[in-house]
Amino acid sequence: MSEQQLFKVTIDNITINVAPGTSILQAARSIGGDVAPPAMCFYSKLQGSGGKCRTCLVEVSKGSEKDPRPMPKLVASCRTTVMDGMEVKNITSNKVNEARAGVVEFLLINHPLDCPICDQAGECHLQDLGYEHGKAGTRYEFQRRTFQKHDIGPYIQLHMTRCILCYRCVYTADQLTNKREHGVLSRGDHSEIATYIEKAMDNDFIGNVIDVCPVGALTDKTFRFKNRVWFTKPVDAHRDCPICAGKVQLWMRGDEVFRVTARKDEWGEIKDTADGKTGWICNDCRFEKKNVSDWVIEGPSVINRHSVIAQGHYLGLKQPEETIVKVMHGQNPRFFMDIHDVSEVNRLGIDLSLIEGPATSDTFNELKKD
Amino acid sequence: MKLLLEKNHVAGIRGYEVYRREGGYRSVEKAMKMSPAEIVDEVKKSGLRGRGGAGFPTGMKWSFIAKPEGVPRHLVCNADESEPGTFKDRYLMEFLPHLLIEGLIVSSYALGSNVTYIYIRGEYAWIVDILEQAITEANNNGWLGKNILGTGFDCQIYVQRGAGAYICGEETALIESLEGKRGNPRIKPPFPAIKGVWDRPTVVNNVETLAAIVPIINMGGEEYAKIGVGKSTGTKLLSACGNINKPGVYEIDMTISVEEFIYSNEYCGGIANGKKLKACIPGGSSVPILPANLLLKTAKGETRYMNYESLSDGGFATGSMMGSGGFIVLDEDQCVVKHTYTLARFYRHESCGQCSPCREGTGWMEKILKSIDSGKGKMSDINLLWDIQSKIEGNTICPLGDAAAWPVAAAIRHFRDEFEWHVLNPDECLKRNYGLAHYADEIHVPVTA
Ligand SMILES: Cc1cc2nc3c(=O)[nH]c(=O)nc-3n(C[C@H](O)[C@H](O)[C@H](O)COP(=O)(O)O)c2cc1C
Ligand code: SF4
Ligand code: SF4
Ligand code: FES
């Protein structure tokens with residue numbers, strides 16, 4: 001068999017070869033770093049996802065070798081496949097940066113910005129997006145949209161006010177469970193994720209909606225308000241589970257397991273297990289196994305996500321390659337701060353269980369001195 | 001010139017007997033002697049452009065439909081007509097239901113659709129009965145069903161009611177809704193011509209487009225193309241409303257001027273109550289509003305005509321669009337800010353909410369317009385509105401985002417002074433005492449003979 005013909009695609013002046021059928025987003029992710037557009041709704045493990053949030057818009061300045069015309073509008077990179085010879089501008093396009101700043105503003109106008117009391121803070125994709133593409137102030141002067149909190153079943157709480165309507169949880173429930181569990185009610189800015197009547201979402205795998213939710217709209221009731229994620233240390237662990245593969249991440253402080261999640265990759269998506277299947281975990285592993293003795297600990301997880309969570313100085317931390325300065329000819333047009341360098345928490349060798357109550361960088365520096 | 005509405009005043013034309021006696025279903029007899037490809041060719045020659053809003057050439061659209069072996073294809077008639085100001089399809093279906101059915105049979109044959117759907121807006125409940133009656137009559141007389149006219153072609157038409165969402169007029173949302181799902185537009189590609197209803201190749205056409213197939217087959221594509229001008233061939237239905245003496249549905253050939261359409265007694269009969277013309281939205285709520293001076297004459301000072309090319313002359317800077325033919329006229333007493341607020345409220349309510357710019361942007365624009373309209377606006381709000389609409393336009397999944405952005409952009413482009421007046425005179429706007437004649441664009445007074 002002859003080798004599969006590859007397509008040449010250039011993104012922000014970096015050229016690579018990818019298989020036909022690859023989306024622009026996936027191609028950009030294979031380059032990595034800043035060249036990869038932010039994606040709030042696309043989730044490579046969920047069929048049909050993407051196209052909705054519009055944060056991944058890019059400019060196609062050359063359609064293909066055969067038809068070099070540029071595309072008239074910005075396109076959603078997650079749902080546009082590459083063509084041979086295609087040239088794409090992401091961070092090197094002013095049009096993209098402007099449109100993206102617009103999308104971030106739209107996503108934030110009705111968001112409660114209650115990060116200080118939100119369990120997702122620290123690993124929230126919207127927070128990361130705000131850091132990197134947002135503006136310092138808001139131009140929105142009206143009351144923000146709010147909803148009642150809903151308990152959907154014994155394990156999950158839905159706080160619709162924080163939802164960005166990415167539909168990931170809808171696809172997860174549709175594709176992972178054997179009956180439709182929930183969906184979207186109403187239209188436009190009054191639409192909401194709901195089970196229609198306040199019904200429990202009741203399925204062995206429904207807990208995965210928490211992992212796919214990019215914001216703090218779906219939270220783990222067994223973890224709510226127990227700890228900030230950056231005060232917990234992630235550890236890879238497994239158990240012999242009759243329902244799922246049982247390969248998880250424990251988020252620990254001292255000997256206490258605060259939270260169990262699936263293992264995630266650098267894009268915040270659930271990793272594949274050794275057999276190539278997505279490592280969804282079951283409710284039992286996620287919500288019921290909160291003792292160290294339930295698990296075989298493999299060792300500290302490598303956190304390599306481009307996110308606030310990665311600023312913790314975790315063991316083996318691998319920061320993504322920064323391409324921004326390179327492709328922008330030495331410029332570094334970030335608004336706020338490098339999210340990998342904002343605080344001092346979670347230095348290696350610090351025993352988090354020694355810290356009582358709220359902690360700041362100073363607390364960590366103190367501990368380091370001892 | 002009348003092709004579609006030629007017989008609409010014949011008593012009993014809604015029923016099969018009279019419709020047939022008046023020459024109905026001739027086009028089916030003629031078409032069944034032709035090959036499907038020949039029909040598509042006639043439609044191409046006719047120059048017919050889609051009447052649903054975008055004006056895409058129908059013959060070309062038909063030739064794009066994929067024909068994979070063994071996969072059924074579908075024709076869907078878009079009767080969702082929910083654009084504010086547009087009510088031409090309703091008239092056609094209500095008074096000449098057999099004309100639509102006849103057009104559907106010919107088109108189904110041309111496209112190879114054995115199962116054809118009419119997706120009708122839920123609010124047109126009584127029209128569903130009229131259409132179903134017509135379908136039954138057509139069935140009973142051998143125009144539908146198995147082996148039509150002995151050709152071996154089978155066809156059935158079903159009417160599906162929507163549940164009251166404007167977005168279900170967008171063709172891919174319509175398809176989702178037809179399949180029984182939530183009416184969210186699909187992300188394209190793939191286009192319906194490749195994957196439409198149940199992932200089968202599908203053509204979605206407007207009611208008026210499909211009705212126009214009847215005269216095209218009867219008279220031949222070339223003859224049809226001789227009516228009208230340039231790329232605006234054939235006749236067009238317009239639904240005229242607002243401050244005119246004779247609101248209603250009119251059929252025109254696209255050679256008359258906008259001025260004639262508004263002021264002649266054959267059509268709108270002039271502005272009501274002796275008022276003056278201030279502005280007009282020529283093609284349904286989604287297209288840009290034009291002030292009187294730019295409506296009647298293009299920026300180059302040429303007469304503006306009621307056709308696709310002339311209405312869009314000057315692009316969005318000084319022109320508008322033919323759109324879906326909803327002709328909304330505003331007289332000198334109407335407030336453009338209030339009017340724009342009303343439209344913004346509509347789009348906010350009708351956004352499906354899938355993509356963030358449209359979902360959040362439409363709500364934001366509505367709130368700002370409401371505050372300007374009620375005398376609580378700031379000068380900076382006007383530029384903010386401009387910025388918001390520019391960040392929605394072109395960045396959304398479906399054209400509803402554009403349709404929400406354009407009216408706001410056009411209102412600010414042509415009537416910025418009116419927005420400023422609202423900011424500077426909050427008390428007077430609260431009293432709804434707009435004093436518009438003082439600050440609106442030059443108001444048109446027709447030359448009286
Ligand atoms: C928000 C939205 C609403 C629409 N509503 C209608 C409608 O009510 N009727 C219609 O014929 N086309 C409507 N369209 C246009 C359709 O998507 C499609 O272009 C049209 O049905 C094609 O038919 P045509 O080629 O005969 O014009 C709408 C489009 C959008 C974006
Ligand atoms: S609840 Fe979370 S996952 Fe579900 S749509 Fe909202 S933001 Fe997306
Ligand atoms: S543009 Fe508006 S209506 Fe269209 S898909 Fe996006 S949110 Fe829905
Ligand atoms: S990630 Fe592509 S549109 Fe949301």
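Basis for what follows: all heavy atoms, side chains included, without hydrogens, waters or symmetry-related copies. The sequence lines fix the lettering, A, B, ..., with proteins before strands; numbering per chain opens at 1.
- When each of A:Leu74, A:Ile109, A:Val103, A:Asn110 is scored by its heavy-atom pairs under 4.5 Å with chain B, the top score falls to A:Ile109.
- Nearest heavy-atom pair across A:His190 and B:His349 is NE2-O, 3.9 Å.
- Remark: A:Asn94 CG is loosely packed, at most 12 non-hydrogen atoms of other residues, nucleotides or ligands lying under 6.0 Å away.
- Residues A:Glu141 and B:Lys376 are not paired through a salt bridge, judged by the lack of any N-O separation under 4.0 Å between the basic side chain and the carboxylate.
- The one candidate from A:Leu108, A:Asp189, A:Leu107 that meets the side chain to side chain contact (heavy atoms under 4.5 Å, CB included) condition with B:Ser356 is A:Leu107.
- Minimum heavy-atom separation, A:Phe106 to B:Pro357: CD1-CA, 3.5 Å.
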Dump the intermediate steps for side chain to side chain contact (heavy atoms under 4.5 Å, CB included) on A:Arg79 and B:Lys188, then the final yes or no.
CA-CA 9 Å; A:Arg79 292 292 296 258; B:Lys188 290 174 264 186; over 6 Å; no
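- Contacts of B:Lys378 with chain A are made by side-chain atoms alone, with heavy-atom separations under 4.5 Å and no backbone atom involved.
- B:Arg348 contributes no side-chain N or O that, together with a main-chain N or O of A:Gly188, makes up a donor-acceptor pair within less than 3.5 Å.
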Under 3.5 Å donor-acceptor pairs involving side-chain atoms of residues 393-406 of chain B, not counting sequence neighbours:
| residue | atom | partner | partner atom | Å |
| --- | --- | --- | --- | --- |
| B:Asn395 | ND2 | B:Lys391 | O | 3.0 |
| B:Thr396 | OG1 | B:Cys398 | O | 2.9 |
| B:Asp402 | OD1 | B:Gly394 | N | 2.8 |

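- For a residue to count as touching a neighbouring chain, one of its non-hydrogen atoms must lie under 4.5 Å from one of that chain's; by this rule A:Arg139 touches chain B with backbone and side chain alike.
- Taking CZ of A:Arg187 as the start and CD of B:Glu350 as the end, the distance is 4.0 Å to the nearest 0.5 Å.
- Residue-level contacts of residues 37-55 of chain A with chain B, in order of numbering, are A:Gly50, A:Gly51, A:Lys52, A:Cys53, A:Arg54; threshold 4.5 Å between heavy atoms.
- Against chain A, no residue from residues 189-202 of chain B qualifies, as none has a non-hydrogen atom under 4.5 angstrom away.
- In terms of modelled atom types and a separation under 3.5 Å, the side chain of B:Arg182 and the main chain of A:Ser186 share a donor-acceptor contact.
- No more than 12 heavy atoms of other residues, nucleotides or ligands shown are found within 6.0 angstrom of CE on A:Met83.
- Around atom CD of A:Glu98, no more than 12 heavy atoms belonging to other residues, nucleotides or ligands sit under 6.0 Å away.
- Nearest approach of A:Tyr167 to B:Asn184, heavy atoms of both residues: OH-ND2, 2.9 Å.
- For a residue to count as touching a neighbouring chain, one of its non-hydrogen atoms must lie under 4.5 Å from one of that chain's; by this rule A:Tyr140 touches chain B with backbone and side chain alike.
- Interface residues of residues 21-28 of chain A toward chain B, defined by a heavy-atom distance below 4.5 Å: none.
- Dense packing is recorded around NZ of B:Lys181, with more than 12 heavy atoms of other residues, nucleotides or ligands lying under 6.0 Å away.
- Listed for the B:Arg359 side chain is a donor-acceptor partner under 3.5 Å among the backbone atoms of A:Ile164.
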